[in-house]
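Below: one structure, written as structure tokens.
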Amino acid sequence: MPRPEILVVAKLPPFLMQPLIENFVVHDRIHESDPAAFAKAAPRIRGIAGSGESKVDAALIDRLPALEIISVMGVGYDGVDVAAAKARNVVVTHTPNVLNDDVADLALALMLCVARGIPQSDRYVRDGRWPSGPMPLARKMSGSRLGLVGIGRIGQAIAQRALAFGMSIAYTARSAKPDLPYRYLPTARELAAESDFLVVITPGGATTRKLIDAEVLRALGPQGFLINVARGSVVDEQALIEALAAGTIAGAGLDVFENEPNVPDALRALTNVVLTSHIGSATGQTRRAMADLAFANLAAHFARKPLPSPVPECR
Ligand code: NAP
């Protein structure tokens, strides 16, 4: 049996590339780098391997008549046109759960960083400013109010950690979750009005675009912090910059941005934000677990076995 041919559409780590190369004929980003080679290979390509940030649009799917599976190494798959894939009977898989701990850890870290001014204090020491006096007082996190915009796998892992900090927890989502012991509020605005920390952890895509807008930020208020570990598209970035500059909110901790890896100068210049480079799941242990699951989905598909983790729309 010839090995199935697959197209890699992202810069994937070596611990995923290696098993891919051992088991498939891999066309590594030729759709971007070598259009002529891609045109030749396209009719034979049966799988796509990408990352959570990969764009797999209807045009790319259209160009691959033999495509059967798109395996995303990431839980978010808002870059994949799932409707176009389904219309062609192409299954989409992702890597949920194995990254919950890391993303939740980072959310708590950003909350502590922005409230306690940890990066600012690090710079204070390095710049030799400490001998001239202490830093301004920061804000206490323990015992404060957490509002979760999204209470899925990662949102619940954030809530568990927040309980250890004695925080009260409320959430919003598309529907109330009666099994969870937290208070439900129907809108992000109402939730923001009752939160000290508003943590965004929904999927990206059209349905959540700019869910956090100027009105939600006003409701969060001058004592409130916004944390975004979801997708840049969920927050109106311009409204956020204006709110941070005007003191409409106290500060923000951001792992994701509208136009990654480009972050607006106006955001980088602000001192009441802590910025990280989309590192939610970026530990060696978790990226390996994600790679294993992304590979397992491809291997199962071509072995005609049940898929470990198709996206909900393809179950
Ligand atoms: P999940 O289990 O599917 O949970 C998603 C949550 O978002 C659910 O509670 C859902 O509510 C809620 N939601 C969806 N649409 C909404 C809307 N329009 N308004 C309000 N709430 C909405 O997903 P997960 O595994 O927790 O992952 C969440 C997202 O985190 C991923 O999709 C990805 O974009 C992001 N992420 C980021 C990083 C990073 O590196 N920063 C890493 C991993 C994941 P319902 O249950 O009511 O539908």
Side-chain angles (χ1 to χ4, degrees), residues 10 13 50-55 72-80 82 92-111 147-161 169-180 182-192 195 198-213 216 226-236 252-258 260-261 263 274-283 285-287 289-291 293-294 309-315:
S51 71
E53 284 108 80
S54 292
K55 294 263 165 297
V72 174
M73 181 184 150
V75 65
Y77 51 95
D78 42 297
V80 177
V82 179
V92 182
T93 65
H94 65 155
T95 61
N97 291 316
V98 292
L99 41 59
N100 295 352
D101 283 344
D102 272 359
V103 185
D105 290 353
L106 184 76
L108 271 288
L110 284 172
M111 289 161 65
L148 285 163
V149 182
I151 189 99
R153 293 169 290 248
I154 301 171
Q156 290 178 48
I158 295 171
Q160 276 173 7
R161 285 155 175 75
I169 296 164
Y171 69 96
T172 191
R174 285 177 295 191
S175 61
K177 317 290 171 208
D179 294 347
L180 293 177
Y182 313 123
R183 197 157 69 96
Y184 173 71
L185 289 156
T187 65
R189 191 186 52 72
E190 287 163 272
L191 180 68
S195 300
L198 189 70
V199 176
V200 186
I201 186 63
T202 63
T207 58
T208 56
R209 187 167 301 282
K210 299 194 179 175
L211 185 65
I212 308 301
D213 59 9
V216 174
L226 179 79
I227 307 295
N228 187 6
V229 285
R231 284 286 183 266
S233 59
V234 188
V235 174
D236 181 337
L254 307 172
D255 186 45
V256 287
F257 305 88
E258 263 181 23
E260 293 173 17
V263 177
V274 176
L275 310 171
T276 51
S277 51
H278 202 149
I279 57 168
S281 64
T283 66
Q285 296 94 322
T286 290
R287 285 287 164 87
M290 291 163 66
L293 189 49
S309 49
V311 302
E313 297 92 321
C314 295
R315 270 176 218 153

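Only heavy atoms go into these numbers, but all of them, side chains included; no hydrogens, no water, no symmetry mates. As the structure lists them, so they are numbered: ligands from 1, and atoms in each ligand from 1.
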May I ask you to identify the nearest protein heavy atom to atom 19 (N) of ligand 1, giving residue, atom name and distance to one decimal place in Å? Leu211 CD2, 3.9 Å

In ligand 1, the atoms that come under 4.0 Å of a heavy atom of Ile154 are 24 (P), 25 (O), 26 (O), 27 (O), 30 (O), 43 (C), 44 (C)

Val149 versus ligand 1: do any nitrogen or oxygen atoms come within less than 3.5 Å of each other? no

Which of the listed options, Arg153, Gln156, Glu53, Arg231, holds the heavy atom that is closest to atom 33 (C) of ligand 1? Arg231

Using modelled atom types and a 3.5 Å cut-off, is there a donor and acceptor pairing between side-chain atoms of Ser51 and backbone atoms of Met73? no

Check: Arg231 main-chain N/O paired with Asn228 side-chain donor or acceptor under 3.5 Å: yes

Taking Ser233 for its side chain and Glu258 for its backbone only, find out whether a donor-acceptor pair lies under 3.5 Å. no

Taking the side chain as everything from C-beta on, heavy atoms only, tell me whether Ile158 gets closer than 4.5 Å to Leu108. yes

Any heavy-atom pair between the side chains of Leu99 and Met290 that's under 4.5 Å? yes

Test your reading of the model: is there a side-chain donor-acceptor pair from Lys210 to the backbone of Thr208, 3.5 Å cut-off? no

Given Gly76, Ala230, Ser233, which one has a non-hydrogen atom that is nearest to atom 35 (C) of ligand 1? Ala230

Nitrogen or oxygen atoms of Gly280 and ligand 1 under 3.5 Å apart: yes

Which heavy atom of the protein is the closest neighbour of atom 21 (N) of ligand 1, given with residue, atom name and distance? Ala173 CA, 3.5 Å

Nearest-contact summary for atom 22 (C) of ligand 1 - protein heavy atom, Å: Thr202 CG2, 3.8 Å

Side chain to side chain, Leu180 and Gln156, heavy atoms closer than 4.5 Å: yes

Do any N/O atoms on Val229 end up under 3.5 angstrom from N/O atoms on ligand 1? yes

Please could you name the atoms of ligand 1 that Val103 approaches to less than 4.0 Å, counting only its heavy atoms? 42 (C), 43 (C)

Tell me which protein heavy atom sits closest to atom 12 (C) of ligand 1, plus the residue, atom name and distance to 0.1 Å. Gly150 CA, 3.9 Å

Which of the numbered atoms in ligand 1 are under 4.0 angstrom from any heavy atom belonging to Ser175? 47 (O)

Side-chain (Thr187) to main-chain (Glu190) donor-acceptor, under 3.5 angstrom: yes

Looking at ligand 1, does any of its N/O atoms fall within less than 3.5 Å of an N/O of Thr172? no

Atom 7 (O) of ligand 1: which of Gly232, Pro203, Pro186, Ser281 has the nearest heavy atom? Pro203

Closest non-hydrogen atom pair, Leu148 against Ala159: CD1-CB, 3.9 Å

Closer than 4.0 Å to some heavy atom of Thr207 - which atoms of ligand 1 meet that? 18 (N)

Heavy-atom distance under 4.5 Å between the side chains of Ile151 and Tyr184, does that happen here? no

Provide the number and element of each atom of ligand 1 under 4.0 Å from a heavy atom of Thr208. 15 (N), 16 (C), 17 (C), 18 (N)

Taking a cutoff of less than 4.0 Å between a non-hydrogen atom of the residue and any ligand atom, is Lys177 in contact with ligand 1? yes

Note: heavy atom closest to atom 15 (N) of ligand 1, options Arg209, His278, Arg174, belongs to Arg174

Within the side chain of Ser309, is there an N or O that forms a donor-acceptor pair under 3.5 Å with the backbone of Thr93? no

Flag side-chain contact, heavy atom, 4.5 Å: Asp255 against Glu260: no

Can you figure out which of Gly152, Gly205, Ala176 has its heavy atom closest to atom 4 (O) of ligand 1? Gly152

Residue, atom name and distance, where the atom is the protein heavy atom closest to atom 44 (C) of ligand 1: Val75 CG1, 3.2 Å

Protein heavy atom at shortest distance from atom 9 (O) of ligand 1: Ile151 N, 2.9 Å

Starting from atom 30 (O) of ligand 1, which protein heavy atom do you reach first, and at what distance in Å? Ile201 CD1, 3.2 Å

Check whether any side-chain N or O of Asp213 sits under 3.5 Å from a backbone N or O of Val216 as a donor-acceptor pair, and report yes or no. yes

